[in-house]
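Along the sequence shown, the residues carry numbers beginning at 1.
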Amino acid sequence: KMKKYLIRSGIVFIALFSLSSLKIDTKEAKIGNQTWTNSNLNVSKFRNGEAIPQAKTFEEWERACRYGKPAWCYLGNEASNGEVFGKLYNWYAVNDPRGLAPKGWHIPSKKEWNEMIEFLGGDEMAGNKLKADREWTESQYGNGTNEFGFNALPGGGRSCDGGFFNENDRNEGNWWCSSDCSSKGADYKSLSYGSDWVSSIYGGIDKGSGCSVRCVKNSK
């Protein structure tokens, strides 16, 4: 009986330890009244389990853009970059009804991004607080304070036309908003090396472009 008790106790301990570990591994950044993921999305399936097509070539990426189909890729088409920067997605993947964000989370709208940015002091100040204290080129002066644990990294971006990666890869990070501006353009937010600003372009960028994705926890 004692042996069985010890075995059961061990199983319960392992289960509790595993749950505790899972809770710790679900890293979050609490900013104001919002809770954000503190890393870029790195999934290859929609929430319903169906695969998101990977664009492995320039032609495949451009084709997805042309026909408005969801797609993802690694920065520079290098799988090793996924471990650090997550994946780049086009907006068609972000807006797909099958769901890109994990259960209990959603892709933030422009309004939700702006709420967070205002809490951090506005466009001209928020970038330094959002950027990680590493990876922003080799110079320490490009890094941020990561004050709230958002851990923004320079995951680069990808153009729609030609499927080319940004020349400023490793010097900038771009993130989609769930909201769009027009039939072809969607909102996004951008951070760059050597600047404290959070920037964007009026009218957004082409929905077939590639950007990183963050998630916000659903309100209860």
Side-chain angles (χ1 to χ4, degrees), residues 36-44 52-66 68-96 100-101 107-110 113 116-117 123 126-127 130-132 134-137 142-144 150-182 184-215:
W36 294 70
T37 53
N38 83 333
S39 59
N40 294 337
L41 200 63
N42 193 25
V43 298
S44 57
I52 307 167
Q54 179 184 4
K56 297 180 180 179
T57 66
F58 292 103
E59 292 76 18
E60 287 175 343
W61 184 266
E62 191 174 28
R63 191 179 308 123
C65 173
R66 186 183 309 121
K69 300 296 183 181
W72 68 267
C73 69
Y74 292 114
L75 174 63
N77 282 330
E78 295 289 338
S80 59
N81 282 328
E83 299 173 10
V84 179
F85 303 108
K87 293 179 172 65
L88 296 173
Y89 300 88
N90 63 20
W91 192 82
Y92 302 113
V94 169
N95 195 48
D96 194 282
L100 183 62
I107 313 301
S109 65
K110 179 181 179 179
W113 269 101
M116 182 259 281
I117 292 166
D123 289 334
L130 292 173
K131 286 193 291 186
R134 59 187 177 86
E135 299 291 346
W136 290 85
T137 74
N143 295 319
F150 189 81
N151 200 40
L153 295 171
R158 194 171 192 179
S159 68
C160 175
D161 296 331
F164 300 110
F165 292 96
N166 294 1
E167 292 181 1
N168 290 327
D169 286 344
R170 303 302 297 274
N171 283 338
E172 70 174 42
N174 301 284
W175 291 267
W176 282 119
C177 303
S178 61
S179 45
D180 62 354
C181 313
S182 64
K184 288 187 175 291
D187 294 311
Y188 78 110
K189 297 295 180 180
S190 182
L191 296 172
S192 62
Y193 165 79
S195 173
D196 294 342
W197 278 80
V198 180
S199 60
S200 58
I201 298 174
Y202 181 78
I205 55 175
D206 198 298
K207 293 177 179 179
S209 305
C211 293
S212 300
V213 170
R214 287 298 180 99
C215 303

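- Checked against ring pair (Phe, Tyr, Trp, His ring centres under 6.0 Å), W72 has the following partners two or more places apart in sequence or in another chain: Y74.
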Identify all side-chain donor-acceptor contacts of residues 83-91 below 3.5 Å with residues at least two apart in sequence or on another chain.
residue: K87; atom: NZ; partner: N42; partner atom: O; Å: 3.2
residue: K87; atom: NZ; partner: N42; partner atom: OD1; Å: 2.7
residue: Y89; atom: OH; partner: V43; partner atom: N; Å: 2.8
residue: Y89; atom: OH; partner: V43; partner atom: O; Å: 2.6
residue: N90; atom: OD1; partner: A71; partner atom: N; Å: 3.2
residue: N90; atom: OD1; partner: Y92; partner atom: N; Å: 3.3
residue: N90; atom: OD1; partner: A93; partner atom: N; Å: 3.0
residue: N90; atom: ND2; partner: K69; partner atom: O; Å: 2.8
residue: W91; atom: NE1; partner: C177; partner atom: O; Å: 3.0

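- With sequence neighbours excluded, the residues forming a disulfide bond (SG atoms under 2.5 Å apart) with C65 are C160, listed by chain and number.
- In this structure, CG on L153 lies 11.0 Å from CG on L75, to the nearest 0.5 angstrom.
- To the nearest 0.5 Å, atom CG of residue N151 and atom CG of residue L130 are 10.5 Å apart.
- In this view, N38 satisfies the side-chain hydrogen bond (donor to acceptor under 3.5 Å, both in side chains) rule with no residue, not counting sequence neighbours.
- The two residues A186 and W176 make their nearest non-hydrogen contact at CB-CZ3, 3.7 Å.
- Closest approach of G163 to W61, counting heavy atoms only: CA-CD1, 3.6 Å.
- Residues forming a side-chain contact (heavy atoms from CB on, under 4.5 Å) with N40 (at least two apart in sequence, or on another chain): W175, S212, R214.
- For the atom pair CD1 of I52 and CG of L100, the computed distance is 5.0 Å after rounding to the nearest 0.5 Å.
- Legend: residues meeting side-chain hydrogen bond (donor to acceptor under 3.5 Å, both in side chains) with N77, ordered by chain and number and at least two apart, are absent.
- Under the disulfide bond (SG atoms under 2.5 Å apart) criterion, C181 pairs with no residue at all, not counting sequence neighbours.
- The backbone N or O of G156 lies less than 3.5 Å from no partner atom in the side chain of N166, so there is not a single donor-acceptor pair.
- The side-chain hydrogen bond (donor to acceptor under 3.5 Å, both in side chains) check on W113 picks up nothing, with sequence neighbours excluded.
- Side-chain N or O atoms of S192 include none that pairs as donor or acceptor with a backbone N or O of S195 at under 3.5 Å.
- Using a distance-only test at 3.5 Å, with no hydrogens or angles considered, no donor-acceptor pair links the side chain of K184 to the main chain of I205.
- Under 4.0 Å is where a charged nitrogen must lie from a carboxylate oxygen, and between D180 and K207 at least one such pair does.
- Atoms CH2 and OG, on W197 and S200 in that order, are 10.5 Å from each other to the nearest 0.5 Å.
- One finds the OG atom of S209 at 9.0 Å from the CG atom of N174 (value rounded to the nearest 0.5 Å).
- Every residue two or more places apart in sequence or in another chain that forms a side-chain hydrogen bond (donor to acceptor under 3.5 Å, both in side chains) with S179 is listed here: D187.
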request  = Go through the steps to decide whether Y193 and N143 satisfy the test side-chain contact (heavy atoms from CB on, under 4.5 Å), and finish with yes or no.
outcome  = CA-CA 7 Å; Y193 165 79; N143 295 319; over 6 Å; no
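- Residues V198 and G127 approach most closely at CG2-N, 3.6 Å, considering heavy atoms.
- The salt bridge (charged side-chain N to carboxylate O under 4.0 Å, His left out) test applied to D196 returns no partner, not counting sequence neighbours.
- Taking R63 as the reference, E59, E60, R66, Y67 meet the side-chain contact (heavy atoms from CB on, under 4.5 Å) condition, with sequence neighbours excluded.
- When all heavy atoms of A55 and C73 are compared, the closest pair comes out as O-CB, 3.7 Å.
- Residue-environment remark: NZ (K110) stays at or below the threshold of 12 foreign heavy atoms within 6.0 Å.
- A search for side-chain contact (heavy atoms from CB on, under 4.5 Å) contacts involving D161 returns nothing, not counting sequence neighbours.
- For the atom pair D123 CG and K189 NZ, the distance stands at 6.0 Å (nearest 0.5 Å).
- The two atoms that bring C215 and P108 nearest to each other are CA-CD, 4.2 Å, heavy atoms only.
- Of all the heavy atoms in V94 and S178, the pair that sits closest is CG1-CA, 4.3 Å.
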